[in-house]
Amino acid sequence: MNFLSFLISPDGLGIIAVLLVSTWAARLVLKKYKPQAVLFLGGIILLVLVILINWIWGQPTEIIGNPNLPPDHVFNRAKSLGNPFLDIFAGKERIFSTRIAGLGLIIMSVMGFVKYMDSIGANKVLVRIGVKPLQFFKSPYFVLVLAFLLGQAMKMAITSAAGLGVLLMATMYPILLKLGVSKAAATAVIATTGCIDLGPAAGTNVAIVEAAGILTSDGKADVARYFIKYQLPVALPIITVVAILHFWVQRWFDKKDGYSIRFDQTVEQTNPEDEVRKPSYYALLPLLPLLLVFTFNEMVILQINKGFSAMGSSFEFPVKTMGLVAAILLSVFVAMLVEYLRSFNAKKVFESIQTVFDGMGFAFATVVTLVIAGEVFATGLLSTGAIGTLLNASTDAGAGVVPVTVFMQSLITVFSILMGSGDAAIFSFMSVGAMVAQHFDVEAISVIMPMQISSSLARSFSPITAVVVAVSAIAGLNPVEVVKRTAIPMIGGLITLTIVNIILFL
């Protein structure tokens with residue numbers, strides 16, 4: 001088949017459709033169009049083009065049951081309305097109902113819990129205690145390294161990158177300035193404290209685990225196993241490299257800007273409200289879901305039972321895994337109980353539960369809709385057959401899983417920078433990553449995980465992402481100036497991610 005014949009074939013037209021629609025979508029997102037609307041419409045356009053291309057070539061035009069989609073794809077589980085164009089919306093309905101009841105509930109629960117911890121002041125206590133060690137060190141750039149490491153650790157409990165950034169600007173930022181750190185350096189480091197969605201409580205981690213099929217024996221997403229076995233071995237080298245690069249990059253930029261270290265700088269109060277300080281034990285409340293997920297976990301309990309057996313004991317704990325939603329609901333109950341025992345004001349405590357529901361609603365409007373919109377777009381992408389065609393072509397050309405995985409990382413990095421959201425990018429291309437892994441017969445996680453981490457690293461040097469915009473505004477700096485300082489550490493993280501993932505999992 002010559003090149004012209006290929007272009008007018010269903011495979012060729014599918015690739016052209018993907019390139020045109022993806023370019024159009026990227027341009028709209030770059031112009032700050034709402035990404036949910038762009039992804040929804042882009043997916044619908046691709047599905048309509050698939051129907052038309054197949055009709056022109058006399059091929060079956062069914063959308064539900066499309067051969068280019070995996071047999072167990074959520075779209076294929078929808079009930080057909082008897083018309084391929086109407087089936088597009090029947091499939092969308094199926095995606096909505098499936099994701100909201102499953103992954104959507106998890107993401108909304110996480111966000112509701114974060115908002116509740118904010119409202120009762122527990123997150124502020126955690127950060128307040130966490131930043132105290134910084135005051136014992138006198139080297140500004142060493143303090144920056146410690147600040148980054150502390151922030152990344154706190155991200156496991158405070159899962160919102162923007163929320164964590166704002167909290168750190170109110171607590172850590174003044175301390176950094178008093179210790180001689182420049183405004184720009186402090187802001188850049190704080191902007192990157194959420195550069196990896198680390199830990200079992202992160203909403204994207206749950207999505208990754210489900211897409212990769214990392215499940216417990218009772219079919220629940222095993223986020224603890226994913227974190228310990230897969231994410232942590234890759235994340236630790238990345239965090240180390242980023243921390244070291246921050247030391248040298250921020251010092252180089254400060255010298256370039258003519259900054260001279262000045263201790264005990266006068267810092268304008270970023271949060272002047274005189275609030276009642278909560279007791280130190282409140283710092284434990286944001287950590288409760290993490291502790292519960294780690295404790296009531298199949299992998300952990302099996303190891304504990306093995307320890308009992310090795311000591312000659314016949315005692316065994318029941319091998320059960322607590323889901324993240326159950327852990328969050330229990331944590332909310334415990335937090336409300338603690339609040340009541342402190343205040344004995346039942347009405348106030350009962351009213352505070354509205355914060356959880358408000359947070360869940362916010363998560364639905366922002367993150368869950370992105371999940372669903374991204375999946376609709378990815379469904380259109382897969383339905384064209386373009387991904388399968390490109391994978392077959394890469395195999396014929398001798399390219400293995402490594403270059404294709406690196407390409408997927410690069411693609412998702414670009415989309416994350418353009419969208420200003422790592423979530424939007426990973427949810428759009430996650431199913432494509434699973435297809436790549438299946439094609440090359442490797443673990444799905446070995447392709448999807450580097451895509452996920454690439455999306456969050458790229459988010460930290462996008463001038464339009466929420467955390468960068470928020471911390472830059474508080475510091476009175478231009479976001480572009482901030483991302484100039486975050487770009488090199490994040491690119492170093494991306495390179496480290498690629499190397500470590502190839503060594504460990506590919």
Side-chain angles (χ1 to χ4, degrees), residues 18 67-74 76 103 196-198 200 202 204-217 219-238 299 374-375 378-379 381-416 422 425-458 493-506:
V18 167
N68 293 314
L69 292 175
D72 60 345
H73 193 278
V74 64
N76 286 338
L103 177 60
I196 301 179
D197 291 326
L198 196 64
T204 52
N205 282 359
V206 177
I208 294 300
V209 167
E210 291 190 340
I214 301 175
L215 308 174
T216 61
S217 58
K220 293 180 181 178
D222 198 344
V223 286
R225 179 155 62 99
Y226 166 63
F227 170 65
I228 295 170
K229 184 177 179 181
Y230 297 98
Q231 193 183 42
L232 201 58
V234 174
L236 288 177
I238 296 171
M299 180 176 65
E375 187 155 7
T379 300
L381 205 68
L382 293 172
S383 296
T384 62
I387 302 301
T389 301
L390 292 174
L391 288 175
N392 290 329
S394 66
T395 304
D396 293 341
V401 66
V402 171
V404 176
T405 301
V406 173
F407 171 76
M408 292 302 301
Q409 286 179 240
S410 304
L411 184 67
I412 207 165
T413 296
V414 172
F415 267 83
S416 295
I426 186 61
F427 290 134
S428 296
F429 293 98
M430 189 164 55
S431 57
V432 180
M435 186 174 179
V436 169
Q438 185 179 17
H439 179 84
F440 288 103
D441 196 24
V442 296
E443 275 191 295
I445 200 66
S446 64
V447 179
I448 301 176
M449 181 179 63
M451 291 171 61
Q452 177 213 15
I453 298 177
S454 294
S455 69
S456 59
L457 286 168
L494 286 167
I495 294 170
T496 306
L497 161 66
T498 303
I499 294 170
V500 175
N501 187 61
I502 289 171
I503 293 172
L504 294 181
F505 300 116
L506 289 177

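Between L497 and P450 the shortest heavy-atom distance is CD2-O, 3.4 Å. Scanning both residues, P233 and F227, for their nearest heavy atoms gives CD-O, 4.3 Å. The shortest heavy-atom contact between V447 and A437 is CG2-CB, 3.9 Å. Heavy atoms only, all atoms of each residue included: I448 and A211 are closest at CD1-CB, 4.0 Å. Between A212 and A444, the shortest heavy-atom distance links the atoms CA-CB, 3.9 Å. The two residues N68 and M435 have their closest heavy-atom pair at O-CE, 4.4 Å.
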Is there a side-chain contact (heavy atoms from CB on, under 4.5 Å) between T405 and F440 once you walk through the steps? CA-CA 10 Å; T405 301; F440 288 103; over 6 Å; no
Starting from the C-alpha separation in whole Å, work towards a yes-or-no answer on side-chain contact (heavy atoms from CB on, under 4.5 Å) for V500 and I238. CA-CA 9 Å; V500 175; I238 296 171; 5.8 Å; no
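Listed by first then second residue, pairs satisfying side-chain hydrogen bond (donor to acceptor under 3.5 Å, both in side chains) with a partner in residues 496-506 read Q409-T498, not counting sequence neighbours. Residue pairs satisfying the side-chain hydrogen bond (donor to acceptor under 3.5 Å, both in side chains) criterion with at least one member in residues 384-394, sequence neighbours excluded, are absent. Identified under the side-chain hydrogen bond (donor to acceptor under 3.5 Å, both in side chains) test for residues 437-450, with sequence neighbours left out: Y230-E443, T395-H439.
Between the CD1 atom of I208 and the OH atom of Y226 there is a distance of 5.5 Å, given to the nearest 0.5 Å. Atom CD1 of residue I495 and atom CG of residue L457 lie 11.0 Å apart, to the nearest 0.5 angstrom. Here OG of S455 is found 12.0 Å from CG of L411. Values are rounded to the nearest 0.5 Å. Of the inter-residue distances, the one linking I426 atom CD1 with I453 atom CD1 reads 10.0 Å to the nearest 0.5 angstrom. To the nearest 0.5 Å, the span separating CD1 on I445 from CD1 on I214 amounts to 4.0 Å. The distance from the CD1 atom of I499 to the CG atom of L494 is 11.0 Å, given to the nearest 0.5 Å.
Checking side-chain atoms of E375 against main-chain N and O of M430 turns up no donor-acceptor pair under 3.5 Å. D197 contributes no side-chain N or O that, together with a main-chain N or O of N205, makes up a donor-acceptor pair within less than 3.5 Å.
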